[in-house]
**Student:** 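This structure is in C-alpha cells; I'll ask about it shortly.
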Amino acid sequence: MDSNTVRIILLIIHYLFFIYAFSVVVSYILLAIISAIESFHYMKKNSFVNYNEILSSNISPSISIIAPAYNESLNIVENVRSLLSNHYVNYDVIVVNDGSKDDSLEKLIEAYDLVKIDYLINPQIKTQPLRNGIFKSTNPAFEKLIVIDKENGGKADALNFGLNISNNQYVVCIDVDCLLLEDSLQKMIKPFLEVTDSKVIASGGVIRIANSCTIKEGKLLDVNLPKKFIEISQILEYLRSFLLGRMAWSRLNGLLVISGAFGMFEKKSAIAVGGYDTSTVGEDMEIIVRMRRHMEEQKVNYKVAYIPDPLCWTEAPDNYKILISQRNRWTRGTIEVLKKHRKIGFNPKYNLLGMLSYPYWFFYERLAPIIEVVGIIYFIILITLKNVRWDYAFAFFILAYLFSVFFTIVAILSEELTYHQYKKKKTGFKLIVATFLEPFILHPAILYAAIKGNIDYYFNKKLKWGEMKRKGLSN
Amino acid sequence: MIDFQHLLTYLEQLPLLVKVVWILIGFLIIFIILLIFYLKYLRGYLRKKETISKKLFTEYEANLINFLYSQTEEEINEEQQIIVDKMKTCITNKFKRKIFISVMSKLKNDISGEMADSINNLYIKTNLINHSITKLKSNKWYVITAGIKELNLFEITNVFEQVKKHENHPKQEVRNEVQLYFVSLFHFKGLDFLNTLKSPISEWNQIQLLEILQKFDDQEISDITPWLKSSNESVVLFSLKLAKIYNQFQIIDTLLELLNHQSKIIRLKTIEVLNYFQVNEAKKILKNNFKNSSEDEQIAFFQMLENTVEITDEEFIVHNTKHVNFQVRVLALKILKRLNNKKLLDLKNKATNDEDKLIFNYLENN
C-alpha cells in the first residue's frame with residue numbers, strides 16, 4: 001500500500017468516528033428536546049389529577065406487588081413493611097423467597113405471624129418448585145402479604161412464580177430492597193386506565209438513588225445527596241437516563257426497557273408471552289422487548305407507558321467493585337436481549353420498534369463501548385505512528401467533554417424544573433462539581449464494566465448475576 | 001499575556017471542521033456558564049418560592065378560618081368584608097391567586113355544610129369566579145381544565161352551558177373534567193351527558209365518576225337502559241358498573257341481550273353483573289354461546305355457575321372437567337364436588353396427568 005492509500009484509509013476511519021460521534025450528539029439533543037415536550041405535557045396533564053378516588057375505590061383494579069428475595073435477611077422485614085404501607089386499597093404483596101440460604105423465611109414468619117397454607121397454583125409458566133411452601137399471616141393487619149418459599153431459580157424464575165400465584169389483574173415487579181412511596185401504585189396504574197385508543201401493556205417508573213436519604217420504618221423522610229462522588233455521579237447518570245432518555249422514548253412510544261426494580265404489567269399480557277426469560281440476566285429488558293414484539297406481530301395498538309415521578313428509591317453501589325459487577329450484568333443483558341430478538345432489528349414489519357428503538361439500542365448502547373475502545377486503541381496507534389495533530393485532537397476532546405457536561409446540566413435543570421428533589425443548599429454546587437468530574441470518575445468504570453461484560457458474554461458463559469451487597473436503606 | 005493576533009492567525013489557518021469545533025466549544029462554554037448561573041438562580045428562586053408559598057398559605061389559611069368563624073346571620077358582615085377586600089387585592093397577583101385557591105380547595109375538602117357554602121360564597125365575592133370563567137375561553141386545554149375544576153370545586157352551577165360546550169373537546173383531560181363537573185354538581189342528572197357522548201370515557205374517569213356518585217345521599221338513579229344500548233362501548237361498560245352498584249334488577253332483560261353483544265369485554269362484564277344478580281335465565285344463553293366464547297367469558301360463566309348451579313347443569317360441568325383452561329377445570333371440579341362428590345371421586349381415580357392430580361388433592365383438602 002502506498003502512503004496515499006494509507007492516508008485515504010485513515011481519513012475514512014476518521015470520518016466514520018466523526019459521523020458516529022456526531023450522530024450520538026444529534027440523537028441526544030433530539031431526545032432532550034422531545035423529553036422537554038413530554039415533561040411539560042406530563043406535568044400539565046397530571047396537575048389536575050385527583051388520586052384520592054382511585055385510592056379508596058373498591059372497584060379500582062387489583063394489583064399484586066411481586067418482590068423476589070435472595071439472601072435479604074438483613075433488611076427483609078423492614079422492606080416488606082414498606083411494601084405493605086402503600087395507600088392503594090386493592091393490592092397484595094407476594095414475596096418470593098428464591099431459595100435463600102440465610103434466615104429470611106424464619107424472620108418473615110416471626111415478624112408477620114405467618115402460617116403455611118394450602119394454595120392451588122395455576123402453573124401457567126414453568127418454574128422451580130416450592131421448597132417450604134406458601135405462607136400467609138394470621139394477623140389481619142398483614143392480610144395483604146403472601147410469602148412463597150421456593151427452590152432457587154434466579155430473579156426471573158421467582159417473578160414467574162409470582163405471576164403464577166397472583167390472582168390480580170396487574171402486577172408490579174420490584175426488587176424487595178426498593179422503597180416505594182405510598183402513592184406509587186395509583187400513579188403507576190393510571191396509564192393503564194386512562195387510555196381509550198390503545199392498550200397499555202406495561203408502565204415503568206423512575207428509579208431514584210436513596211443512598212444517604214433519611215428513611216425510617218420504610219418511609220422516605222428526607223432526600224439527601226450522598227457524600228461519595230461515585231454515588232453522586234450515579235445520581236447524575238440516572239437523571240440523564242430517566243428524565244431525558246426514557247421520557248423522550250416514552251413520548252415516541254419506543255421504550256425498550258423498564259427497570260427491573262420497578263415496573264407494572266398487565267398480568268395477562270405478561271403471561272401470554274410466557275413471563276420472564278430465565279436464561280438471560282437482562283430479564284427486565286427482555287420481557288418488554290418480547291411483549292412489544294408479540295403486540296407488533298398481533299397487530300395490536302399498544303403502548304409502554306412511563307411515569308417520571310420519583311416513586312421508587314433504591315440503594316446504588318457505593319464502590320467500584322459492585323458498580324462494575326452491576327454494569328457488567330447490564331451489558332450482558334443488553335447483548336443477550338438484542339441478540340435474541342435480532343429479527344426485529346431494521347425490520348419494517350415491527351414499525352418503530354424495528355426501525356428506531358432497536359437500531360438506537362444496537363448502535364448507541366450495544367456498540368457504544370466497543371466503538372469507544374476501538375477509538376482509544378486507534379488513537380494510541382496514531383500516537384505511536386506519530387500521526388496525531390495534537391491541537392486538533394485536543395479540540396475534539398474538549399468538545400466531547402463540554403457536550404457531556406452540557407447534557408448533564410440540562411438533566412439537572414430538567415430535575416429542578418420538574419421534581420426538585422435535591423432542595424438543600426449547596427447540593428446544587430456539589431451536583432455541578434460532580435458534573436465536571438463524572439466523565440473522569442464514573443465513565444471509565446462504566447466503560448471498563450461494559451467491555452468486561454462483552455468479554456464475559458463471549459468467553460465466560462457460566463457467569464450469571466453479580467454480587468450486590470446491601471447495606472440497607474434505613475437509618 | 002495572550003497573544004490574540006497569534007491566536008487569530010492560528011484559528012484562521014485551521015481546516016473548516018476544526019474551526020467549527022472551536023466555534024462549538026465557544027458556544028458550549030457560554031451555554032454552560034449561563035446554565036450554571038441560571039441553575040443557581042433557579043434553585044434560589046424555587047427555595048424562595050417554597051418559603052413564600054408556605055408563608056402565604058399559612059396566612060391565607062388563617063384569614064379564611066377567620067372568615068368562616070365570623071359568619072353571622074347576615075350574608076356578609078363587616079369583619080368578613082375586610083377579609084374579602086384583602087383577598088381581592090391579593091388575587092390580582094397570579095402566584096398569590098394560585099395559593100389562595102389551593103388554600104380554599106384544602107379547606108373545602110375538610111369541611112362541609114354551611115362552612116363549605118361560605119367558602120363558595122367567598123369564591124364569588126372575591127371575583128375568583130370571573131377568573132375561572134375567563135379560563136373557559138382559553139385556547140389552551142390545561143387552562144380550560146383548571147377553570148372547570150375550580151368551578152366544580154366551588155359548586156358554580158350556573159355556568160353549566162359554558163362548561164357543556166367542552167363536553168366533546170378533543171383533549172381527553174378536558175372531557176374528563178367536564179364529566180366530573182356534571183356529576184359532582186348535578187348528581188345522577190349530570191349523567192345525561194352519556195346520551196350524547198361521542199368519545200370514550202376512560203376507565204380512570206369511570207371509577208372517579210362512580211366514587212363521586214356514591215358520596216351523595218340521594219341514590220335514586222334514572223333508567224339506565226338507553227345507556228346499555230348505546231353505540232358507545234364505554235358508555236355501556238360504565239352503565240354495567242352502575243347496574244351492579246345500584247342493584248338494577250329491572251334491566252335484566254337488557255343484560256341478557258348484551259350477552260350477544262359484539263364486544264368481548266361487554267359480554268364479559270355482563271356475565272359478571274348477571275352473576276352478581278344470580279340470574280338463572282342467563283345460563284341457557286351462555287351454555288349455547290360457550291364454545292365460541294373467549295376464555296375469560298368461559299371462566300366468568302363458571303364463576304357464575306358456582307353461585308347458580310343446579311342438578312341439571314351436571315352434564316355440562318362434567319364435560320368441562322377436561323377443559324384446556326386450568327381455571328375452568330378447577331371451577332368445574334369445585335362445583336362438581338358440591339353437586340356430586342361421588343362423581344368427583346370417580347374422576348379422581350381416572351385422573352392421569354399431574355396437574356389434575358394436584359387439583360383433586362387440593363379439592364379433597366379444601
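Letters A, B, ... are given to chains in the order of the sequence lines, protein chains preceding strands, and every chain is numbered from 1.
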**Student:** When rounded to the nearest 0.5 angstrom, what is the spacing between CG in A:Leu413 and CG in B:Leu35?
**Tutor:**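 Taking CG in A:Leu413 and CG in B:Leu35, the distance rounds to 6.0 Å.
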**Student:** Is the count of non-hydrogen atoms from other residues, nucleotides or ligands lying under 6.0 Å from A:Phe22 atom CZ greater than 12?
**Tutor:**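 Check fails, neighbour count at 12 or below.
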**Student:** Chain A heavy atoms under 4.5 Å from B:Ile25: which part of the residue, side chain, backbone, both or neither?
**Tutor:**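 Both the backbone and the side chain of B:Ile25 come within 4.5 Å of chain A.
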**Student:** With only heavy atoms counted, which part of B:Ile201 is less than 4.5 Å from chain A, the side chain, the backbone, both or neither?
**Tutor:**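 Only the backbone of B:Ile201 comes within 4.5 Å of chain A.
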**Student:** What would the table of donor-acceptor pairs between chain B and chain A look like if you include every N and O pair under 3.5 Å, whether backbone or side chain?
**Tutor:**
unit_1	atom_1	unit_2	atom_2	d
B:Tyr10	OH	A:Asp391	OD2	2.4
B:Arg43	NH1	A:Glu416	OE2	2.6
B:Arg43	NH1	A:Tyr422	O	2.7
B:Arg43	NH2	A:Tyr422	O	2.9
B:Arg43	NH2	A:Lys424	O	2.8
B:Arg43	NH2	A:Thr427	OG1	2.5
B:Arg47	NH1	A:Lys423	O	3.1
B:Lys149	NZ	A:Phe48	O	2.8
B:Gln172	NE2	A:Glu194	O	2.8
B:Glu203	N	A:Leu193	O	3.0
B:Trp204	N	A:Leu193	O	3.0
B:Gln208	NE2	A:Asn50	O	2.9
B:Glu211	OE2	A:Ser57	OG	2.8
B:Lys215	NZ	A:Glu53	OE2	3.0
B:Asp296	OD2	A:Lys268	NZ	2.4
B:Asn366	ND2	A:Asp118	OD2	2.9

**Student:** Pick one of side chain, backbone, both or neither for A:Phe436, based on which atoms fall under 4.5 Å of a heavy atom in chain B.
**Tutor:**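 Only the side chain of A:Phe436 comes within 4.5 Å of chain B.
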**Student:** Can you tell which part of A:Ile59 gets under 4.5 Å to a heavy atom of chain B, answering side chain, backbone, both or neither?
**Tutor:**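 For A:Ile59, heavy atoms of backbone and side chain both lie under 4.5 Å from chain B.
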**Student:** Output the distance between atom CG (B:Leu28) and atom CD1 (A:Ile409), rounded to the nearest 0.5 Å.
**Tutor:**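 Nearest 0.5 Å value for the CG-CD1 distance: 10.0 Å.
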**Student:** Could you have a look at B:Leu46, B:Leu24, B:Ile29 and say which one has the most heavy-atom pairs with chain A under 4.5 angstrom?
**Tutor:**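 Sorted descending by pairs with chain A, the first entry is B:Leu46.
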**Student:** Checking B:Val18 against chain A: side chain, backbone, both or neither under 4.5 Å from a heavy atom?
**Tutor:**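 When you check distances to chain A, only side chain atoms of B:Val18 fall under 4.5 Å.
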**Student:** Looking at A:Leu417, A:Leu431, A:Val195, which makes the most heavy-atom pairs under 4.5 Å with chain B?
**Tutor:**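 Highest number of heavy-atom pairs under 4.5 Å: A:Leu417.
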**Student:** Enter the distance from A:Leu402:CG to B:Phe27:CZ here, rounded to the nearest 0.5 Å.
**Tutor:**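 It is 14.0 Å, given to the nearest 0.5 Å.
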**Student:** Taking the side chain as C-beta and beyond, is there a heavy-atom pair between A:Phe394 and B:Val21 under 4.5 Å?
**Tutor:**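 Sidechains of B:Val21 and A:Phe394: no contact.
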